[in-house]
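Indexing begins at 1, ligand by ligand and atom by atom, following the structure's order. Sequence positions, counted from 1, serve as the residue numbers for this chain.
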Amino acid sequence: MPKVLLTGSTGYIGSHTVVALLEAGYQVVGVDNYSRSKPAIADRIREIAQKDYHQYQADLTRKEELAKVLEQEGDISCVIHFAAFKAVGESTQHPLFYFQNNLVGQMNLMKACEEYGIPGMVFSSSCTVYGNPEQTQVTEDSPLLETESPYGRTKAVGEALLRDWVLSGTPARTAGQRVVALRYFNPVGAHPSGRLGECTVGVPDNLVPYITQTAMGLRKQLTVFGNDYPTRDGTCLRDYIHVCDIAQAHVDAVRYLDQNAAPAGPWSVFNLGTGVGQTVLEMIQAFESVNHLHLNWNFGPRRPGDVVAVYANNQRAARDLGWKIQYSLEDMMRTAWAWEQNQASDPVL
Ligand code: UFG
């Protein structure tokens, strides 16, 4: 089986993807600088998959650290690039920090792909590239609008760099280089084992970790940001998707890069969402009814920069990657809560 390199392999989506790749029989090499994750997550991955893989500490912004891993491993057919900072609020406070980490890291990885002859790359992009869309259901061909944060900018620019690289790079050595960009909508939930999930640092920015921490008593109350949006109940609408479905799409994308005779050329983009939007109030109701809990919440003012409503048209991923969604909204809420409880009793240290 081909060997796949994952950057950010102990992060939220990365760790679930390592499990999915191991279960699909791939050889996996993981690198992470552990700035937003923990080495012990690698042990959880091995425990769940019942398989071993090679895990390294390396920071992509230091070229030599990546080179060391590639010298040692050799023969990698595809890299999945997760390693990036992703907190929207933090990025507005520290834009250069985000540009340095996300874009310099990506550039070093692209150069390494040329140098070490790694032909395939899967890139973690985001629905943030659609900005605040006029048509709330977006296809991959919907216009890319101004993003609201430096974080979003790193995804939009990251995509543009990769596209230019594989489409207009003339040197022979970039020939054959192919990239799949996956635009994630709102990944939530955790591994069904309860042993793997998102390790939130400090106060969560995102809705579902805030819900589970409130239910756990770690936060007093959830504030719903805004109740006067032009949606069915006045709260924002998003396309929440289970992290294991996102992970599976990466396995499908690796297979696509491997086998596919390039009908779509060296650059392809796919939306990863369920195709169904949920409002914030619907998410709260789902959490309460699935887990038989009452959540303490109230309405607060709008959060600056929030998109009103966006959800995916996911037909291209279904058609070209053969991607099938396996997890329901109930699964998202059940596994998110199981993970929060597991973290309380047996935290990843
Ligand atoms: N929300 C609340 N209260 C909270 C947290 C969130 O009401 O305490 C609301 C938000 O206002 C929003 C919805 O829940 O309406 C979802 O918010 P998240 O922060 O969970 O997700 P976002 O859609 O804002 O952000 C996500 C990713 C970003 C990415 C963005 C692209 O976290 O990385 O999608 O649109 F850039």
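- Look at D258 and R255 and you find no salt bridge, because none of the NZ, NE, NH1 or NH2 atoms lies under 4.0 Å from a carboxylate O.
- Using a cut-off of 4.0 Å between Lys/Arg side-chain N and Asp/Glu carboxylate O, D346 and R195 are scored as salt-bridged.
- Take A20 and apply the side chain to side chain contact (heavy atoms under 4.5 Å, CB included) test, not counting sequence neighbours, and it matches A247, V251.
- M216 is connected to V203 through a chain of hydrophobic side-chain contacts under 4.5 Å among Ile, Leu, Val, Met, Phe, Trp and Tyr, so both are in one cluster.
- Of the possible polar contacts, none joining the D239 side chain to the G273 backbone as a donor-acceptor pair under 3.5 Å is found.
- Protein neighbours of ligand 1 below 4.0 Å, counting non-hydrogen atoms: K86, V88, S126, C127, T128, Y151, N186, D205, N206, L207, Y210, L222, T223, V224, F225, C236, R238, Y240, V280, R303, D306.
- Rounding to the nearest 0.5 Å gives a distance of 6.5 Å between CE of M121 and CD of Q177.
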